[in-house]
Peer 1: 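Here it is: the structure, laid out below.
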Amino acid sequence: MRIITSDACVAEGAAELAKIEPRFAAAMQETGPLPLRKDGFTALLDAIVSQQISVAAASAIWGRMKAAKLTGPRKIMWASDEDLRACGLSSQKIRYARALAEARIDYNALRDTPSDEVIATLVKVPGIGPWTAEIYAMFSLGHADVFPPGDLALQEAARVLFDLDKRPGEREFRQMAAAWAPWRAVAARCLWSYYRVVKQREGIR
């Protein structure tokens with residue numbers, strides 16, 4: 001299991017992807033690497049906040065939560081629904097945030113756990129689906145061969161980059177991405193960066 005720990009790891013993966021698929025090389029001339037994120041409760045809570053809303057909206061909500069110091073498990077448990085709603089969380093996401101706070105996940109153990117097991121562990125928590133778990137494994141844990149085929153920004157970036165008639169469906173996209181192993185997480189980073197360039201907006205926060 002390869003772990004991405006630095007920009008040098010991303011560059012290594014990018015070079016390998018360019019050999020596999022020349023269009024990645026062209027896309028990377030216009031894009032830059034995405035930074036790693038910290039792992040733990042806060043990273044997962046951030047991912048839950050970002051679900052199914054725009055990057056701008058997620059950034060605004062997260063900014064209010066940080067200002068209110070409501071980003072730790074105890075603070076989430078102690079906060080009232082009104083406090084969390086004032087930050088912009090919906091009733092559903094308030095439930096998800098509390099479920100995560102109660103889950104008692106061993107985040108340190110996840111660092112040495114294979115991707116499939118990480119995802120299986122996380123999706124047991126209400127509010128964490130495959131996309132959120134994949135994002136956490138990819139960015140927070142640095143797993144190099146994780147890919148979220150259900151991400152709409154990635155699908156749209158692939159449609160443009162590979163000159164497809166329409167966005168690939170999740171099953172089709174998963175099969176397409178199989179050729180990019182063992183650097184599928186780097187391929188995703190490239191496609192998100194490419195999406196930002198061609199669509200002039202962020203595909204992920």
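Not measured: the values here are computed from a predicted model.
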Peer 1: Looking only at heavy atoms, what is the nearest atom pair of A14 and V186, with distance?
Peer 2: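 That would be N-CG1, 3.7 Å.
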Peer 1: Evaluate side chain to side chain donor-acceptor pair (under 3.5 Å) for W183 paired with D145, printing each intermediate quantity in order.
Peer 2: CA-CA 5 Å; W183 293 104; D145 201 31; over 6 Å; no
Peer 1: Do the side chains of Y194 and V160 get nearer than 4.5 Å, heavy atoms only?
Peer 2: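 V160 reaches Y194 side chain to side chain.
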Peer 1: Closest approach of A187 and F24, non-hydrogen atoms and distance?
Peer 2: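 Scanning both residues, the minimum pair turns out to be CB-CZ, 3.8 Å.
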Peer 1: May I have the step-by-step check of salt bridge (Lys or Arg N to Asp or Glu O under 4.0 Å) for E102 and R98, ending in yes or no?
Peer 2: CA-CA 6 Å; E102 294 173 349; R98 295 197 192 283; over 6 Å; no
Peer 1: Side chains of C190 and S193, heavy atoms from C-beta outward: is any pair under 4.5 Å?
Peer 2: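 No, their side chains stay 4.5 Å or more apart.
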Peer 1: Decide yes or no on ring-ring contact (aromatic ring centres under 6.0 Å, His included) for F139 and W192, but give the supporting numbers first.
Peer 2: CA-CA 13 Å; F139 285 119; W192 270 312; 5.6 Å; yes
Peer 1: Would you kindly confirm whether L161 and L154 end up in one hydrophobic cluster when ILVMFWY residues are joined by side chain heavy atoms under 4.5 Å apart?
Peer 2: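 Yes, L161 connects to L154 through the hydrophobic network.
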Peer 1: Can you confirm whether M65 sits close enough to I76 that some side-chain heavy atom of one is under 4.5 Å from a side-chain heavy atom of the other?
Peer 2: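 A side-chain contact exists here, since the closest heavy-atom pair is under 4.5 Å.
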Peer 1: Using modelled atom types only, decide if a donor and an acceptor are shared between the side chain of R64 and the backbone of C87 within a distance under 3.5 Å.
Peer 2: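 Pair found, side chain donor or acceptor close to backbone of C87.
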Peer 1: Would you find more than 12 non-hydrogen atoms of other residues, nucleotides or ligands less than 6.0 Å from D106 atom CG?
Peer 2: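 Count over threshold, so yes.
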Peer 1: Check for a donor-acceptor pair, side chain of E21 on one end and backbone N or O of W180 on the other, with a separation under 3.5 Å.
Peer 2: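 Pair absent, no side-chain N/O of E21 close to backbone of W180.
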Peer 1: Under a single-linkage definition using a 4.5 Å side-chain heavy-atom cutoff for Ile, Leu, Val, Met, Phe, Trp and Tyr, are I53 and Y136 assigned to the same hydrophobic cluster?
Peer 2: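 I53 and Y136: one cluster.
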Peer 1: First locate atom CG of D116, then atom OG1 of T121, and finally report the distance between them rounded to the nearest 0.5 Å.
Peer 2: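 Here the rounded value is 10.5 Å.
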Peer 1: Minimum heavy-atom separation for I128 to Q51, with atom names?
Peer 2: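 Shortest heavy-atom separation between I128 and Q51 comes out as CA-NE2, 4.4 Å.
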Peer 1: Once you round to the nearest 0.5 Å, how far does CD1 of I3 lie from OG of S115?
Peer 2: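 The CD1 atom of I3 sits 7.0 Å away from the OG atom of S115.
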Peer 1: Going by heavy atoms in the side chains, are L152 and R167 under 4.5 Å from each other?
Peer 2: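 Answer yes - side chains close enough.
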Peer 1: Under 4.5 Å between any side-chain heavy atoms of M28 and L17, yes or no?
Peer 2: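 Counting from C-beta outward, M28 and L17 do come under 4.5 Å.
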Peer 1: With rounding to the nearest 0.5 angstrom, report the CG to CD1 distance, L89 to I48.
Peer 2: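 Spacing of CG (L89) from CD1 (I48) equals 9.5 Å.
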Peer 1: What distance separates S50 OG from W131 CH2, expressed to the nearest 0.5 Å?
Peer 2: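 Answer rounded to 0.5 Å: 6.0 Å.
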Peer 1: Any heavy-atom pair between the side chains of V118 and H143 that's under 4.5 Å?
Peer 2: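 Yes, at least one pair of side-chain atoms sits under 4.5 Å.
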Peer 1: Do L164 and V198 land in one hydrophobic cluster if side-chain heavy atoms of ILVMFWY residues count as linked below 4.5 Å?
Peer 2: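 Shared cluster, yes.
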Peer 1: Compare every heavy atom of A57 with every heavy atom of S54, then report the nearest pair and how far apart it is.
Peer 2: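 Reported closest heavy-atom pair: OG-N, 3.0 Å.
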Peer 1: Check V49 against K93 and note the closest heavy-atom contact, atom names and distance.
Peer 2: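 Answer, listing the atom of V49 first, then K93: O-NZ, 2.8 Å.
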Peer 1: For the backbone of K199 and the side chain of E156, can you confirm whether one donor and one acceptor N or O come within less than 3.5 Å of each other?
Peer 2: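 Here the side-chain-to-backbone pair does not exist.
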Peer 1: Let me confirm one number: the CD-CG distance from E170 to D151, rounded to the nearest 0.5 Å.
Peer 2: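 Rounded to the nearest 0.5 Å, the CD-CG separation comes to 10.0 Å.
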Peer 1: Tell me if the CZ atom of R85 is crowded by more than 12 foreign heavy atoms within 6.0 Å.
Peer 2: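 Yes.
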Peer 1: So, for A101 and P73, which heavy atoms are closest and what is the spacing to 0.1 Å?
Peer 2: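 What the structure gives for the nearest pair is CB-O, 3.7 Å.
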Peer 1: Does any N or O in the side chain of T71 come within less than 3.5 Å of the main-chain N or O of T42, such that one atom is a donor and the other an acceptor?
Peer 2: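 No; judged by distance alone, with no hydrogens or angles, the pair does not exist.
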Peer 1: Could you go step by step and tell me if F147 and F173 meet the ring-ring contact (aromatic ring centres under 6.0 Å, His included) rule?
Peer 2: CA-CA 10 Å; F147 191 85; F173 205 16; 5.0 Å; yes
Peer 1: Could you tell me whether a side-chain N or O of D83 sits under 3.5 Å from a main-chain N or O of S80, the two making a donor and an acceptor?
Peer 2: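 Yes, D83 side chain to S80 backbone: donor-acceptor pair under 3.5 Å.
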Peer 1: Should M138 and M1 be counted in the same cluster of Ile, Leu, Val, Met, Phe, Trp and Tyr side chains packed under 4.5 Å apart?
Peer 2: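 No: no chain of side-chain contacts under 4.5 Å links M138 to M1.
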Peer 1: Are the side chains of L44 and I105 in touch, meaning some heavy atoms are under 4.5 Å apart?
Peer 2: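 With C-beta onward as the side chain, the pair touches.
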Peer 1: Side chains of E134 and P149, heavy atoms from C-beta outward: is any pair under 4.5 Å?
Peer 2: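 Yes, close enough: below the 4.5 Å cut-off.
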Peer 1: Rounded to the nearest 0.5 Å, how far apart are CE of M77 and CG of L70?
Peer 2: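 These two atoms lie 13.0 Å from each other.
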Peer 1: Does a salt bridge link R2 with E12, judged by any charged N lying under 4.0 Å from a carboxylate O?
Peer 2: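 Answer for the salt bridge query: yes.
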Peer 1: Are L141 and V125 connected in the hydrophobic side-chain network, where two residues link if heavy atoms are under 4.5 Å apart?
Peer 2: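 Per the 4.5 Å side-chain linkage, L141 and V125 are co-clustered.
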